[in-house]
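When a ligand or atom number is given, it counts from 1 through the structure's own listing order. Along the sequence shown, residues carry numbers from 1.
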Amino acid sequence: MSELLDRYESVLLKIKEACHQHGREEKDVQLIAVSKLHSIDAIIEVASFGQKHFGENYVQEALEKISLRPDLTWHAIGPIQSKKAKDIVGKFKIIQSLSTDSLASSLSKRLLADQVLENQTQDILIQVNIGKEAQKSGVMPEDLISFACMLTKYPQLNICGLMCLPPFDIEPEKTRQYFEQMRILREKLECELGQSLPHLSMGMSGDFPSAIAEGASMIRIGTDIFGTRK
Ligand SMILES: *Cc1c(COP(=O)(O)O)cnc(C)c1O
């Protein structure tokens with residue numbers, strides 16, 4: 001058995017176990033294989049196991065991979081400069097890392113300009129800087145409601161939920177508190193916007209079982225599937 005298949009299957013098993021343990025349905029937790037800095041060959045192999053959703057952090061690298069496998073479903077999960085908006089509209093199923101008005105505005109303008117289909121929209125998640133860390137991007141938790149309300153002035157952007165990258169902690173119970181805060185923020189925002197927000201994208205290789213416990217709908221796993229990055 002190939003090393004990749006071995007790792008992939010053990011991730012699927014751990015997801016299954018976490019779902020059972022926390023009363024979640026497996027179909028409600030979508031696995032995003034985070035392939036940044038890994039080769040297209042590795043992606044093609046993982047896709048051959050049945051994996052459809054892939055996450056990428058760097059625009060240029062992502063666009064090259066997308067052009068080789070446009071049939072796969074791609075998610076943007078890294079910081080994006082607003083000048084890149086023109087390159088990325090329509091390429092990703094979900095832009096998960098939206099956290100600035102300037103990117104929102106550029107995306108929206110581009111969607112309007114490129115409008116070939118009627119009602120062309122882009123699904124997005126708002127990235128929340130849940131641990132309020134200086135080095136991380138994301139909207140501060142206390143600014144989330146006003147940021148999301150501001151986004152409603154761009155009807156081309158379809159807000160589907162929230163994403164976070166919590167502070168690293170070796171104790172999963174500590175990280176779980178951040179995931180719990182995300183769950184509560186999502187509920188508040190749903191009330192505020194009067195719409196349902198189906199997605200909570202949270203949990204990575206080290207901490208995904210506790211994210212599943214707190215209601216993650218998408219988990220983003222790189223290392224546990226592909227091995228360590230260069
Ligand atoms: C790299 C990355 C991941 C995957 O991290 P692993 O620890 O390798 O599973 C998930 N989300 C984001 C935003 C990332 O940048």
Side-chain angles (χ1 to χ4, degrees), residues 3-4 6-15 17-18 29-40 42-43 45-46 49 51-63 65-66 72-81 84 88 91-100 103 123-141 160-172 174-176 178-179 181-182 199-230:
E3 207 183 312
L4 267 180
D6 210 5
R7 275 201 295 259
Y8 183 70
E9 292 199 323
S10 98
V11 167
L12 292 187
L13 188 64
K14 278 200 208 154
I15 295 172
E17 285 167 358
V29 181
Q30 200 170 67
L31 170 61
I32 314 286
V34 176
S35 46
K36 61 170 178 247
L37 305 179
H38 291 287
S39 70
I40 189 72
I43 292 172
E45 188 174 347
V46 171
F49 309 148
Q51 178 64 28
K52 293 195 171 55
H53 293 263
F54 290 84
E56 286 282 343
N57 288 60
Y58 311 106
V59 169
Q60 201 48 47
E61 178 186 349
L63 292 177
K65 290 170 171 173
I66 295 169
L72 298 174
T73 303
W74 298 92
H75 298 255
I77 62 171
I80 302 167
Q81 292 173 290
K84 296 280 168 85
I88 64 166
K91 304 281 184 187
F92 295 95
K93 167 101 172 91
I94 307 182
I95 294 173
Q96 298 203 3
S97 45
L98 187 90
S99 64
T100 62
L103 180 61
D123 288 352
I124 61 103
L125 303 184
I126 301 172
Q127 181 171 352
V128 180
N129 189 347
I130 195 67
K132 304 187 179 194
E133 295 170 282
Q135 77 280 16
K136 282 194 183 143
S137 9
V139 178
M140 290 297 166
C160 299
L162 305 177
M163 183 270 245
C164 77
L165 204 59
F168 174 78
D169 202 297
I170 30 176
E171 290 172 55
K174 290 247 173 76
T175 312
R176 182 164 172 171
Y178 291 109
F179 294 146
Q181 291 172 27
M182 289 291 289
H199 285 300
L200 263 185
S201 174
M202 57 189 196
M204 322 200 306
S205 292
D207 54 23
F208 68 86
S210 60
I212 288 175
E214 293 297 340
S217 68
M218 289 192 284
I219 53 176
R220 310 180 310 268
I221 301 183
T223 310
D224 280 3
I225 296 174
F226 292 100
T228 48
R229 289 178 286 272
K230 287 160 268 165

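Between Phe226 and His38, the two ring planes are parallel [angle under 30°; tilted spans 30° to 60°].
When ring centroids are compared, Phe54 and Trp74 come within the 6.0 Å threshold.
Residue-ligand proximity: Ile77 is placed with a non-hydrogen atom under 4.0 Å from ligand 1.
The distance from the CD atom of Gln135 to the CG atom of Asn129 is 8.0 Å, given to the nearest 0.5 Å. We find the CD1-OG distance between Ile212 and Ser217 to be 10.5 Å, quoted to the nearest 0.5 Å. Separation of atoms CE (Met204) and OG1 (Thr223) is listed at 7.5 Å; rounding is to 0.5 Å.
Ligand 1 has an N or O atom lying under 3.5 Å from an N or O atom of Arg229, backbone or side chain. Close N/O approach between Met204 and ligand 1 is not found [any backbone or side-chain N/O within under 3.5 Å].
Shown in contact with Ile221 at under 4.0 Å from a heavy atom are these atoms of ligand 1, numbered in order with element: 9 (O). Each of the atoms 11 (N), 12 (C), 13 (C) of ligand 1 lies under 4.0 Å from some heavy atom of Leu165.
Protein heavy atom at the shortest distance from atom 11 (N) of ligand 1 is Arg220 NE, 2.8 Å. The protein atom (non-hydrogen) at minimum distance from atom 8 (O) of ligand 1 is Thr223 OG1, 2.5 Å. The single protein non-hydrogen atom nearest to atom 1 (C) of ligand 1 is Lys36 NZ, 1.3 Å, given as residue, atom name and distance. For atom 9 (O) of ligand 1, the nearest non-hydrogen atom of the protein is Ser205 OG, 2.5 Å.
Remark: side-chain polar atoms of Gln96 are not paired, donor with acceptor, to backbone N or O of Leu98 under 3.5 angstrom.
Residue contacts with ligand 1 for Asn57 involve side-chain atoms from C-beta outward but no N, CA, C or O (heavy atoms, distance under 4.0 Å).
Between Pro141 and Lys132 there is a side-chain heavy-atom pair separated by less than 4.5 Å.
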